[in-house]
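Note sheet for the following structure.
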Amino acid sequence: MEILRTVEELRRWSRALRYSPCAEAGRRIGLVPTMGALHSGHISLIRAARAACSHVAVSIFVNPTQFGPKEDYARYPRSFEADCALAQAEDANVVFAPSIEEMYPSGAATFVEVEGLSEHLDGRFRPGHFRGVATVVAKLFIAAEADVAFFGQKDAAQVAVLRRMTADLRLSTEIVVCPIVRDADGLALSSRNSYLSAAERAQALTLSRAVRQVESLVAQGERRAARLIAAAQKIFAAEPAVRVEFIELADWSTLEPLETAAPGALFVVAAYVGSTRLIDNAILR
Ligand code: PAF
């Protein structure tokens, strides 16, 4: 497995596979964008890429532009050596690990703004977050020229923003969404779970409990957003140490709030457990 540090190296790797006279027939380049601190959720993305693609690149870049000034950029977990070992064990072909200067050259003044969607859900509480995500993912897509990129459903609003971006910019990278990976007790895996104390880890289960309750009400025939949200609020009320940021039912394409749960609607919760912000969701069937 190669470790590439510059956009030029990544582009050369991808183009050699795509355009060289001895380029393999059936080659398909998969990209797994990450911020490192890889866990089983990321591994599931690499495995999905490995199963669908002949060549797999994993990017590891803690993207400063998607963090607000008071957010956890400085303390975000970084475990580069372990991440590379995991990527290698999953048979990735390259890890792309650029510097900040490589992704944002001095004087960089170009950003990708997905209007409308970026102001909903997480974007309402994290101004500029989706602008940072869309900008860095656009840069990665352009550099890697991948056929497919793999993202987790846990960041469902991010997926909606990136789908809109690829459609609007007519980028040719297809987006594949992989299911949320959970611990045995239901907690959705997140690199930020490492911030939780043992007590907070137990409190954090409130998010998945609320999501499960809503899924079960929908399975019983409840469709009214107000009722579903009220049921989730009741679950959170039983754990006052957890501070809800938002509980919403939204259209997964536009991220606009919904009053009724149609199939494919996104039910999403965001909450603080101590100082750690966690999210969870379900796509309602
Ligand atoms: O989901 C993430 O880890 C990040 O938002 C991403 C897509 C790698 C962009 O920095």
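Counting starts at 1 for both ligands and their atoms, in listed order.
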[X] neighbourhood, listing ligand 1 atoms whose heavy-atom distance to it stays under 4.0 Å:
X	answer
Thr34	8 (C)
Val136	9 (C), 10 (O)
Asp155	1 (O)

Short N-O contact, [X] and [Y], less than 4.0 angstrom:
X	Y	result
Glu174	Arg28	yes
Arg15	Glu145	yes
Arg78	Asp83	no
Arg182	Asp280	yes
Glu245	Arg243	no

For ligand 1, find out whether one of its N or O atoms is nearer than 3.5 Å to an N or O atom of Gln66.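 Looking only at distances, the answer is yes, because the N/O contact criterion of under 3.5 Å is met.
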
Asn63, any N or O under 3.5 Å of ligand 1 N or O: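 Checking ligand 1 against Asn63, no N or O pair falls under 3.5 Å apart.
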
For atom 1 (O) of ligand 1, grab the closest protein heavy atom and report residue, atom and distance to one decimal in Å.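 Result for atom 1 (O) of ligand 1: Gln158 NE2, 2.9 Å.
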
